[in-house]
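Heads up: the structure comes next, in structure tokens.
Protein chains get the first letters and strands the later ones, always in sequence-line order, with residue 1 at the start of each. None of the values given here were measured: they were computed from a predicted structure.
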Number of protein chains: 2
Amino acid sequence: MNENKINVSIVEDDSEIRQLLSLIIDGSPSFECKYNYSNCEDAVEQAPQNPPDVILMDIDLPGSSGIEGVRELKVKLPGTDFLMLTIKENDESVFESLSAGATGYLLKDTPPTELLDSIKSVVNGGSPMSPPIARKVLSSFHKTVDSPLSERETEVLKKLCDGENYKTIADALFVSGNTVRAHIKSIYKKLHVNSRAEAVRKAINQNLL
Amino acid sequence: MNENKINVSIVEDDSEIRQLLSLIIDGSPSFECKYNYSNCEDAVEQAPQNPPDVILMDIDLPGSSGIEGVRELKVKLPGTDFLMLTIKENDESVFESLSAGATGYLLKDTPPTELLDSIKSVVNGGSPMSPPIARKVLSSFHKTVDSPLSERETEVLKKLCDGENYKTIADALFVSGNTVRAHIKSIYKKLHVNSRAEAVRKAINQNLL
DNA sequence: ATTAAAATGCCCCATATGCGTAATTGATTG
DNA sequence: CAATCAATTACGCATATGGGGCATTTTAAT
């Protein structure tokens, strides 16, 4: 194991792609790519014996998916970064991969040079993403502009999320507890929920605050 | 207004930096940078008269911040993309900017070439971020690996977030309502909360599900 | 000017919730 | 083997919550 080279492993079922990637990476002077796997199970079992700096993980694998792979390997290899590789840019896959612990997400049309740059970026503290993925991720933070709630209701909802009860909300807004209850009823109606828990959930997930 | 060029406006209080950026951008054949502003108020008032494709927005501005600026301009200029520019990489600023509607976030040490590339990327559907920012953003999706909750408690918490009550949770888990209550008590204790609303909030914000 | 929300306020009532306390079993771990 | 902890069950109690209905005033919007 050359200490100066960035050690990369690949998990990819298509042997052609796997070998191609391996050649690109291993052929580059600053990288080394010795241990590759054709499925998740092998990777989960064997990668811990030869811990790489970065694992390129295909998402669509036979058996357990690359997402599952990251989830399992992340605990066994806390020092390894995971770069997802996929053909289709599926919304759910992106966010699931990220919450599983991926530090980057590339589409397979990424040209070789960029792939190598991305791997470098990962070990240097970056998080490379293909442009459409980055956009998707950032967009997930955007607020829903058209909240169905009135200003006052939004104010009440915020306090609901803080776990405040009728009385404290009422005091904070200088209105009666009954008014607060009326607002909450209205909020529930508009959000189509009938409990605080659901209201809080919707408020957070839809950025209504 | 040249239709072939990408139209850029800058909001930046430091006149030196503003002019420097303007020179870099306007000096490049594929860009045009005519209308720049030294503060948010001016930008909010005047930019709608000359809507640019991209606005480079400084965060630390005298008066209302660049974040506030994005929030206000985003509604007036729905077709414009906002690229934040800042010196310090403050966590809160990043996420606030994104939820305000920014589509990119660059640190001021970004070299001119990359800045231009980033602007191009934005209009082409990307979301450029400086490496440490990208890492921060992706990390925000990572699950808290060391959840203080037991598996059973996590299961209960999920159902709490769905707005289920003691009875339905109990039925779903094939245990008594009292058991569910005991679990919930334990959850509250571990999460340092004392209501569903707070528990749901923590669960979502800390990815405990 | 008329209508429609929004914001405010109130009552009753059944049930859900949170808190305290306590006990049993099984698994894990030192 | 002892100790700890997770999971389970249980009871009582004060209060919070959600549902229903109803009324007034202020503030948009048409």
Which residues pass the salt bridge (charged side-chain N to carboxylate O under 4.0 Å, His left out) test with B:Glu41, sequence neighbours left out? none
Give me, pair by pair, the N or O atoms of the protein and of nucleotides 27-30 of chain C that are less than 3.5 Å apart, along with how far apart they are.
none

By side-chain hydrogen bond (donor to acceptor under 3.5 Å, both in side chains), which residues pair with B:Glu96, not counting sequence neighbours? none
Separation of C:dA5 C1' from A:Glu151 CD (nearest whole Å): 14 Å
Check ring-ring contact (aromatic ring centres under 6.0 Å, His included) between B:Phe95 and all other residues, then give those that pass, not counting sequence neighbours. A:Phe141
Given axes from five pairs at either end, by how many degrees does the helix from C:dA1-D:dT30 to C:dG30-D:dC1 bend, rounded to 10°? 70°
For A:Leu21, run the side-chain contact (heavy atoms from CB on, under 4.5 Å) check against A:Asn36, A:Asp58, A:Ile10 and tell me which one passes. A:Ile10
The correct set of residues in residues 162-182 of chain A placing a heavy atom under 4.0 Å from DNA chain D is A:Asn165, A:Tyr166, A:Arg181
Between the side chains of A:Thr168 and A:Asn165, does any donor sit under 3.5 Å from an acceptor? yes
Distance in Å, A:Met84 CE paired with A:Ile67 CD1, rounded so as to fall on 0.5 Å steps: 5.5 Å
Below 4.0 angstrom, N of the basic side chain to O of the carboxylate: do A:Arg201 and A:Glu198 qualify? no
When you measure from the side-chain N and O atoms of A:His183 to the phosphate of C:dT8, is any distance below 4.0 Å, counting only OP1 and OP2? yes
Gap between atoms CD and P, on A:Glu153 and C:dT8 respectively (whole Å): 10 Å
Tell me, please, which residues at least two apart from A:Lys76 pass salt bridge (charged side-chain N to carboxylate O under 4.0 Å, His left out). none
If you measure from OG on A:Ser130 to CG on A:Leu85, what distance do you get to the nearest 0.5 Å? 8.5 Å
Going by atom types alone, do A:Ser121 and A:Ser118 pair a side-chain donor with an acceptor below 3.5 Å? no
Below 4.0 angstrom, N of the basic side chain to O of the carboxylate: do A:Asp162 and A:Lys158 qualify? no
Its 5'-most and 3'-most nucleotides having an atom under 4.0 Å from a non-hydrogen atom of chain B, DNA chain D is contacted over D:dA6 to D:dG12
Sequence neighbours excluded, which residues qualify as side-chain hydrogen bond (donor to acceptor under 3.5 Å, both in side chains) partners of B:Ser9? none
According to the salt bridge (Lys or Arg N to Asp or Glu O under 4.0 Å) rule, which pairs have a member within residues 187-197 of chain B, sequence neighbours left out? B:Glu153-B:Lys190
How long is the gap from CD1 on A:Ile59 to OH on A:Tyr105, to the nearest 0.5 Å? 3.0 Å
Which of residues 187-202 of chain A sit near DNA chain C, with a heavy atom under 4.0 Å from it? A:Lys190
Donor-acceptor pairs under 3.5 angstrom involving side-chain atoms of residues 13-20 of chain B: please list them, not counting sequence neighbours.
residue: B:Asp14; atom: OD1; partner: B:Glu16; partner atom: N; Å: 2.8
residue: B:Asp14; atom: OD1; partner: B:Ile17; partner atom: N; Å: 3.2
residue: B:Arg18; atom: NH1; partner: B:Glu12; partner atom: O; Å: 2.9

